[in-house]
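A short write-up of the structure that comes next.
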Amino acid sequence: MSGSILGRLRELRAADAPTHGGHVLAYVYDSGMPELDELADAAASLARPVNGLDPTVFPSVAAMERDLIGFVRRAVHGRRDVVGSVTSGGTESCLLAVKTARDLWRAEHPDAVARGTRPRLLAPATAHAAFQKAARLFDLDFDPVPCGPDGAVAADDLIVRMAEDAALVVVSAPAYPSGALDPIRAVAAAAKKLGIRCHVDACFGGLVLPWWSDVPEWDFRLPGVTSLSADLHKFGYAPKGVSVLLHRGRRQHRAQFFATTRWPGYPVVNPTLLGSKSASSLAAAWAIVQRLGDEGFAELTASVARVAAGIRDEVERIPGLVVMGDPVGPAITLVADVDVPSEHRVDPHRLADELARRGWRIQHQPGFVQSDGTRIPRSAHLTLTPVLERSVTHFRRALGQAADAVRGRRAADGRLLAGAVRALGYGSDRVPGTAASWRLLRVAGAGQVAPDQPMATLMALIEELPAPVAEALLSELLARMSEPR
Ligand SMILES: Cc1ncc(COP(=O)(O)O)c(C=O)c1O
């Protein structure tokens, strides 16, 4: 019986993109050390029945959290005044950083609140979407600052927008879409001068940059940095469901908590968003950190750095394709070289589709028109993990061959389909409902998405559609996937 249940699950899993081996350059973080996965599985299994809700009943939870928070704090140069929590992932860490800053801003600006001023969340346009989600959930105005076409933001463009209503300024180390390290020193210094909190989103790079060479200071060494997030389920190589959020100062950390004795049940104290929660990913991350220590992380990071250097070298040899900006850390973003005639250009989405055909998955990122009308070009993101070092020669070859195969091919164009959607009367002020969204998706040939399906057309459509329409279509797509048949 159990055998057949697990057999069915194995069948289902066989349709997934491979999580190990380095052929998927996004979503998954393979250290290349199977013994680390085995250790993580054993630790997760030991902690499986535990409820992370209450460390007074399950003190192992607090003990593992202390160790993890201590490890990350040392890595990012926090002193004893830096404290924090283990959360369920990057998004939860970002959400809590924003909620905390908003609550403190309200407490510290009673006059502005009385005048009806709304708190503002200031961030480069490349800040992770989790911050838009936070602004929406916690009722702040999201103020994205345009970046250059290379994905880099100018410190001054953020600084001029700092004012009393800014509850938090966010910078990334590095930003996911571009791989760029934001100008953290200048932004944090200006924020400190004006009494504005500054969050470093190191969800992606927080467990790599401490061991990467020649990185400008980006963490708690900078006095203006008031909080920082680092994900253990990314370059901490733990299974999904674990991140760390650190605050400078106990007062700020405590503002993150929700506590109530105002109901007839057990007293509730939640440092994070969830109530009952698994301790499995926490235990897995704890075990991995115990095993790797500083030295292990340094070795894995060195491997990622060699992969990054090798791929940048390769891209330099590929006509029509360039690396966006000057990435720092474990991400590289590829864009078409606009300095060569279009017949020599490599469209990054055609490239990504061609690579998928050859068994390598890089991530499509649609072109993006910013609030000032300037454009960040469509691109393809590569997350570089240690395991890739073993097959980097194959990947480099595949990249070159895929580029040769698509060079000069016209990029997918979503204008015709987007025009049809508009002709049906849909736009920013009229979003299709569920049935109409589903019909449109099927017309666009995007009613079903398999891991190796070409995505260039869907991405081109997203680029052309008004954002609320694209968001409705994509929500419909995902919702239908999980609907019982
Ligand atoms: C910089 C950054 N912040 C936040 C997040 C959100 O993390 P998660 O997907 O774990 O919720 C990511 C995810 O890629 C990220 O790269």
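If you're wondering where the values come from, they're calculated on a predicted model, not measured in any experiment. Numbers here are sequence positions counted from 1. Each ligand, and each atom within it, is numbered from 1 in the order the structure gives.
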* Asked: Do you see a donor-acceptor pair shorter than 3.5 Å between the side chains of Asp182 and Trp218?
  ->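 Judged by distance alone, the side chains do not pair up.
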* For Glu35, does the CD atom have more than 12 heavy-atom neighbours from other residues, nucleotides or ligands under 6.0 Å away? ->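 Above 12, so yes.
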Note the single closest protein heavy atom to [atom], along with its residue, its atom name and the distance in Å.
atom	result
atom 16 (O) of ligand 1	Tyr176 CD1, 3.3 Å
atom 15 (C) of ligand 1	His128 CD2, 3.4 Å
atom 7 (O) of ligand 1	Lys234 NZ, 2.9 Å
atom 2 (C) of ligand 1	Asp201 OD2, 3.3 Å

Should [X] be counted as touching ligand 1, given the test is an N or O pair under 3.5 Å?
X	value
Thr91	yes
His233	yes
Gly90	yes

* Between Tyr29 and Tyr237, does the ring centroid distance fall short of 6.0 Å? ->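 When the ring centroids of Tyr29 and Tyr237 are compared, they turn out to be at least 6.0 Å apart.
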* For Asp231, counting its heavy atoms only, list the atoms of ligand 1 lying under 4.0 Å from any of them. =>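 Result: 7 (O), 10 (O).
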* To do: Just say parallel, tilted or perpendicular for the rings of His199 and Phe131, cut-offs at 30° and 60°.
  =>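 Ring orientation, 0 to 90° scale: tilted.
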* Tell me which part of Cys203 gets within contact of ligand 1: side chain, backbone, both or neither, using heavy atoms under 4.0 Å. =>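 Under 4.0 Å from ligand 1, Cys203 contributes side-chain atoms alone.
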* Is there a ring pair (Phe, Tyr, Trp, His ring centres under 6.0 Å) between Phe297 and Phe235 once you walk through the steps? -> CA-CA 9 Å; Phe297 276 100; Phe235 286 96; 9.8 Å; no
* Pick from Lys99, Arg106, Arg118: which one makes a salt bridge (charged side-chain N to carboxylate O under 4.0 Å, His left out) with Asp139? ->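 Exactly one pass, corresponding to Arg118.
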* Asked: Is a salt bridge present between Arg120 and Asp141, judged by a nitrogen-to-oxygen distance below 4.0 Å?
  ->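 Result for this pair is no, no salt bridge flagged.
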